[in-house]
Amino acid sequence: MYKEPNIDPKLLKPYDPKSTEDRIYSLWQESGFFNPDVCIEKGITSPDAEPFSIVLPPPNVTGTLHTGHASMLVIEDIMVRFARMQGKRTLWLPGTDHAAIATQSKVEKLIEKEEGKRKNDLGREEFLKRVEAFAQESHDTIVNQVKKMGASVDWSREAFTLDEKRSLAVRTAFKKMYDDGLIYRGHRVVNWDPKGQTVISDDEIVYEERKSKLYTFKYGKDFPISISTTRPETKVGDVAVAVHPTDERYVEFIGREYDEVFCGVPIHIKIIADESVEKEFGTGALGVTPAHSQIDADIATRHNLPTIQVINEFAKITVGEENLLGKKTTEAREVIVEWLRAEELLEKEEDITQNVSTAERTGAVIEPLPKLQWFINVNKPIADRGGKTLKELMLEPVLNGSLSIIPDRFDKVYRHWIENLRDWCISRQIWYGHRIPVWYMGEEIYCGIEAPEGEGWIQDEDTLDTWFSSGLWTFSTLGWPEETSDFKTYHPTTILETGYDIIFFWVARMILMSQYLIGDIPFKTVYLHGLVRDAQGRKMSKSLGNIIDPLDMIEKYGTDALRMSLIIGTGPGNDSKMSEDKIKAYKNFANKLWNITRFILSSTEGITHNPEFSSYTGADKALIAERDELFTTITKEMNEYKFYLAGEKLYQYAWTQLADVIIEESKTILTGTDEKAKESRAQFLLDTMSKITITLHPFMPFVTEELWSLLPIRDKQLLIVTKWPHGSTL
RNA sequence: GCGCGGUUAGCUCAGUUGGUAGAGCGUCCCCUUGACGUGGGGAAGGCCAGGGGUUCGAAUCCCUUAUCGCGCACCA
């Protein structure tokens, strides 16, 4: 036996996360072990080891991390540390997202508040400088927070959705899609955000239930059919009334045309028959406004009707006399309702609740407007993908099981979304983001990775939907379009861990891009976590003032405690509640581990752990069997991504079995006279403590690394790269 | 309208392939025991939302009702 010095004086005091965590994180960073190449160089990982890769869902550079990010980092760090300890070639690739619209509107608000200026006062170039400065600052804050959480990401490979390499990937992807005819420019009724002054995609709409009025009226005294609408102000742009072809009430009018003057605006209305009209709704007749309703636009296309735009980008009326012209839609509505009353055309006014479309970022009510925009065609057969459409490419891996979603009930949600998917509008009228790689000169259009040669070309003013670049994330971060060795080694990535709230925005788009551009899935498994809510189950929000800052919790209880509280009892796909009591309980647990170690070290003083020790007593053999059965179980659970179960079992074992039972009875054994039993028990305790420390490391990396440094174990590496015990054989 | 999820101890939630119900916090009682009072020992507390079915056996599988929440669609 080796004689060890007395136990470290650190152990004589309670565990102190504050004086430990930053020091340990630096130690890891200096070791280089977050980088799989270093692990191979130093002989920790075999060069032909199975790769395990995961990209960090890049946090938006709009500010700071919240508890949702914290829980994401915990789950992913557990996966990554576990993989690394299993000897896999493990890469966790970090980065941040420029989050175009979110970041731009945040900076716009800041500038307006602090300087009273709007972005046009500054100009594109100056404004972008401001946004970049803000983004840089957010980035630095985020990086610091990610480190505080203990995340073992490979900082040497850090990426940003708007940096040079990712921009090249974006332009390359765009050009290929353009050349394949998947990206096209089209005039369509799109979702216009009057506040953000940009188009947004269908997915960026949030439906809000609001009380509203349904008005029933006629365009004029002699008009034969009454119609119902919640938006009378758009009716100055009507070109038709659509009825169901079999509606007996109206059948005789089909094909007739009428001229009316509606609130001072001349309109020409044709009565048409269309299957999409429901006889039961309202009067069973629908006023068709092709410019300001997507459904009406579809009807207009079918019947070859003209499109008359009557509302502009600022949600103001563009027709009529001074009573209407230039009025906001809400004001114009009142004007028209008043006019209808005065003319005795208004027949009914009903209170209804309706789903109002609002913009996710700005909260503005969406104004459908006809616009020339860029779209991705999801229904066009692609020649070099076996004639499949993007929709089919997105669906395929989920249907055939090559890509699995945890929990699997989200399969259905995903499939349902794809089935309803329409062309994706990818152009945005904002400045911050990837400029569309298309140039114009007169009638000529050029799409390329670089600007065209020659004078006079003007680049498209618009930028791309931020999710276009996020969609490339699994491979743009690995060097694509170059065939780098990282790309070859780590793609498809092993798993994507993210919130279920962005399954459409992000997960689906990554599958689309990877399937199309690479011809392969972006990841084998998707693990979806839920929302972290406050103790009452409410969503955390600034307006409610119920936001818990993870950094405050770290300050109070330590990162390990926060991590345990975020993982235990949190199954995939389910929302969880943040509870300070729970964090406190795990702070106590960290201290408990500390004290267990103190007991073991002080009562086995001078003894070094001997992994080959074989003279265990019968009693200790039984304890080993029981313990190793636990390790077998939790290893299985970890492999199945059931960290919430494994973590809890380790906690239970360490506290109620090791501390409460085994250590209690060890007191008699270790102070007794049976030397064989003493030696056996001492080795058992050291062995068990070392294995508990190893297996708890993915969950509580700081306290375990610190304890590991104090354990009398020969030839040890940092715990972060120590091999995971595989059940009873190790 | 279509779909999904929840409903388990006072509170927050676990419960892996169906086999006598678990944890944290809280509550009550006891203990300055030589790792730890950020502790230890003990206790109370549950017709697992209701009903029906399958089964030797159901919190777990099926049907149904209620209720809360979510997603999608509609939104004239």
Side-chain angles (χ1 to χ4, degrees), chain A residues 7 11-15 202-203 207 209-210 212 214-216 226-232 234-235 238 241-243 276-278 280-289 293-296 299 352-357 407 409-417 419-421 500-501 503-504 530-531 533 535-537 539 557 561 564-565 568-571 573-603 633 636-637 640 642 644-649 651-652 655-656 658-660 663-664 666-667 670-671 685:
Chain A
I7 56 169
L11 261 182
L12 299 175
K13 284 179 267 171
Y15 174 59
D202 297 343
D203 302 287
Y207 295 100
E209 263 200 2
R210 290 190 190 173
S212 179
L214 182 68
Y215 303 94
T216 301
S226 303
I227 57 159
S228 299
T229 183
T230 53
R231 300 199 60 193
T234 64
K235 299 288 107 181
D238 279 14
V241 165
V243 298
S276 68
V277 180
E278 275 183 47
E280 282 71 35
F281 192 95
T283 61
L286 163 68
V288 181
T289 323
S293 154
Q294 306 213 1
I295 295 159
D296 292 14
I299 295 175
I352 58 159
T353 48
Q354 67 164 356
N355 277 331
V356 177
S357 312
R409 61 186 148 90
F410 281 95
D411 276 19
K412 241 183 189 169
V413 179
Y414 180 82
R415 290 212 304 264
H416 187 245
W417 180 79
E419 279 155 19
N420 285 299
L421 187 62
Y500 67 74
D501 51 330
I503 182 168
F504 308 136
L531 262 47
R533 298 169 177 278
Q536 281 95 59
K539 217 167 166 172
Y557 305 106
M564 283 295 267
S565 79
I568 290 184
T570 309
N574 293 331
D575 292 352
S576 58
K577 293 191 175 90
M578 186 83 166
S579 141
E580 212 170 316
D581 277 346
K582 199 170 161 190
I583 306 174
K584 205 171 146 191
Y586 291 114
K587 179 190 159 70
N588 293 347
F589 180 55
N591 194 49
K592 189 76 185 179
L593 293 171
W594 196 255
N595 290 323
I596 291 171
T597 306
R598 181 192 304 152
F599 170 82
I600 294 177
L601 292 194
S602 61
S603 56
T633 308
K636 182 168 172 280
E637 287 169 347
E640 291 166 354
K642 291 173 183 165
Y644 52 106
L645 295 178
E648 187 164 5
K649 280 183 185 142
Y651 172 90
Q652 286 305 322
W655 203 312
T656 63
L658 181 60
D660 291 354
I663 284 186
E664 286 307 320
S666 299
K667 287 175 184 170
L670 293 170
T671 53
L685 289 174

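Atoms considered below: every heavy atom in the structure, side chains included; atoms not considered: hydrogens, waters and symmetry mates.
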Quiz prompt | Pairing partner of U32(B) (Watson-Crick or G-U wobble, both distances under 3.5 Å) | solution = none

Quiz item: Hey, are the side chains of L645(A) and T633(A) touching, using non-hydrogen atoms and a 4.5 Å cut-off?
Solution: no

Self-check item: Closest nucleotide among A23(B), A35(B), U16(B) to the Q652(A) side chain
Solution: A23(B)

Practice problem: State the pairing partner of G5(B); accept Watson-Crick or G-U wobble contacts with both distances under 3.5 Å, and report none otherwise. | Solution: C68(B)

Exercise. Using a 4.0 Å heavy-atom cut-off across all strands, classify Y644(A) as base, sugar-phosphate, or nothing.
Key: sugar-phosphate

Quiz prompt | Residues which pass ring-ring contact (aromatic ring centres under 6.0 Å, His included) with Y414(A), listed by chain and number, not counting sequence neighbours | solution = none

Quiz item: So what does I596(A) touch, heavy atoms closer than 4.0 Å: a base, only the sugar-phosphate, or nothing?
Solution: base

Exercise. State the pairing partner of U38(B); accept Watson-Crick or G-U wobble contacts with both distances under 3.5 Å, and report none otherwise.
Key: none

Quiz prompt | Protein-nucleotide distance (W594(A), atom CH2; C36(B), atom C1'), rounded to Å | solution = 13 Å

Quiz item: Counting any heavy atom closer than 4.0 Å, what does T570(A) reach on the DNA or RNA strands: base, sugar-phosphate only, or nothing?
Solution: nothing

Practice problem: Can you tell me the pairing partner of C75(B) across any strand shown, Watson-Crick or G-U wobble, with both distances under 3.5 angstrom? | Solution: none

Quiz item: In whole Å, what is the span from the CG atom of L531(A) to the P atom of C70(B)?
Solution: 11 Å

Self-check item: nucleotides 26-34 of chain B: protein proximity per nucleotide (B base, S sugar-phosphate only, - neither; heavy atom, under 4.0 Å)
Solution: ---------

Exercise. Side chain of N591(A) only, please: which of A35(B), U38(B), C72(B) is the nearest?
Key: U38(B)

Quiz item: Tell me, do I299(A) and S276(A) make a side-chain contact under 4.5 Å, heavy atoms counted?
Solution: yes

Quiz item: Which residues pass the side chain to side chain contact (heavy atoms under 4.5 Å, CB included) test with N595(A), sequence neighbours left out?
Solution: N591(A), R598(A)

Quiz item: Are W417(A) and D203(A) side-chain neighbours, meaning at least one heavy-atom pair lies under 4.5 Å?
Solution: yes

Practice problem: Run the numbers on T289(A) and T229(A) for side-chain contact (heavy atoms from CB on, under 4.5 Å), then give the verdict. | Solution: CA-CA 11 Å; T289(A) 323; T229(A) 183; over 6 Å; no

Quiz prompt | Separation between the P atoms of A66(B) and G51(B), rounded to whole Å | solution = 15 Å

Self-check item: All salt bridge (Lys or Arg N to Asp or Glu O under 4.0 Å) counterparts of D202(A), not counting sequence neighbours
Solution: R422(A)

Quiz item: Taking any strand in view, what nucleotide pairs with G10(B) in a Watson-Crick or G-U wobble way, both distances under 3.5 Å?
Solution: C25(B)

Mind listing the N/O atom pairs, protein and nucleotides 1-9 of chain B, below 3.5 Å?
| from | atom 1 | to | atom 2 | distance (Å) |
| --- | --- | --- | --- | --- |
| C4(B) | OP1 | K412(A) | NZ | 2.8 |

Quiz item: Atom CE of M564(A) and atom P of G24(B): how far apart are they, to the nearest Å?
Solution: 12 Å

Quiz item: How does protein contact run along nucleotides 39-45 of chain B, one letter per nucleotide 5' to 3', with B for base contact, S for sugar-phosphate only, - for none, heavy atoms under 4.0 Å?
Solution: SSS----

Self-check item: Under the ring-ring contact (aromatic ring centres under 6.0 Å, His included) test, residues paired with Y586(A) that sit two or more places apart
Solution: Y651(A)

Practice problem: Provide, to the nearest angstrom, the distance between the NZ atom belonging to K649(A) and the P atom belonging to A23(B). | Solution: 14 Å

Quiz item: What does T229(A) touch in the nucleic acid at a heavy-atom separation under 4.0 angstrom: a base, only the sugar-phosphate, or nothing?
Solution: sugar-phosphate

Quiz item: Mind checking what makes salt bridge (Lys or Arg N to Asp or Glu O under 4.0 Å) contact with E637(A), not counting sequence neighbours?
Solution: K649(A)

Quiz item: Within the structure shown, what part of the strands sits under 4.0 Å from L214(A) by heavy-atom distance: base, sugar-phosphate, or nothing?
Solution: sugar-phosphate

Quiz prompt | Whole-angstrom distance between A49(B) and C11(B), as gauged at atom P | solution = 14 Å

Quiz prompt | Partner residues of E640(A) under the salt bridge (Lys or Arg N to Asp or Glu O under 4.0 Å) criterion, sequence neighbours left out | solution = K636(A), K642(A)

Quiz item: Using purine N1 to pyrimidine N3 plus N6-O4 or O6-N4 for Watson-Crick, or N1-O2 and O6-N3 for G-U wobble, each under 3.5 Å, what pairs with G46(B)?
Solution: none

Exercise. May I have the distance from Y651(A) (atom OH) to G24(B) (atom C1'), rounded to whole angstrom?
Key: 6 Å

Exercise. From the options I663(A), L601(A), L685(A), select the one residue that forms a side chain to side chain contact (heavy atoms under 4.5 Å, CB included) with I596(A).
Key: I663(A)

Quiz item: With a 4.0 Å cut-off on heavy atoms, is V356(A) in touch with a base, just the backbone sugar-phosphate, or nothing at all?
Solution: nothing

Exercise. Using a 4.0 Å heavy-atom cut-off across all strands, classify L601(A) as base, sugar-phosphate, or nothing.
Key: nothing

Quiz item: Given the C1' atoms of G69(B) and U27(B), what is the spacing between them in whole Å?
Solution: 31 Å

Quiz item: Starting at CG of D202(A) and ending at P of C75(B), how long is that distance when rounded to a whole Å?
Solution: 13 Å

Exercise. Tell me, please, which residues at least two apart from Y500(A) pass side chain to side chain donor-acceptor pair (under 3.5 Å).
Key: D575(A)

Self-check item: Euclidean distance for P, U20(B) against A59(B) (whole angstrom)
Solution: 10 Å

Exercise. Round to the nearest Å and state the distance from L12(A) atom CG to C36(B) atom P.
Key: 10 Å

Quiz item: If you measure from the C1' atom in G50(B) to the same atom in G26(B), how many Å do you get, rounded?
Solution: 29 Å

Exercise. Quote, to the nearest angstrom, the C1' distance that separates U32(B) from G45(B).
Key: 30 Å

Quiz item: C25(B) P sits how many Å from F589(A) CZ, rounded?
Solution: 12 Å

Exercise. Provide the distance between the two P atoms, one in C36(B) and one in U17(B), to the nearest whole Å.
Key: 42 Å

Practice problem: Quote, to the nearest angstrom, the P distance that separates C63(B) from G6(B). | Solution: 14 Å

Quiz item: Who pairs with S666(A) by side chain to side chain donor-acceptor pair (under 3.5 Å), at least two apart in sequence or on another chain?
Solution: R681(A)

Self-check item: Listed partners of R210(A) passing salt bridge (Lys or Arg N to Asp or Glu O under 4.0 Å), at least two apart
Solution: E208(A)

Quiz item: I227(A) and D238(A): side-chain contact (heavy atoms from CB on, under 4.5 Å), yes or no, with the steps?
Solution: CA-CA 11 Å; I227(A) 57 159; D238(A) 279 14; 4.3 Å; yes

Quiz item: If each of Y15(A) and K582(A) is mapped to the nucleotide of RNA chain B with the nearest heavy atom, which maps nearer the 5' terminus, i.e. the 5' end?
Solution: K582(A)

Quiz item: For U16(B), which nucleotide in any strand shown is its Watson-Crick or wobble partner with both distances under 3.5 Å?
Solution: none

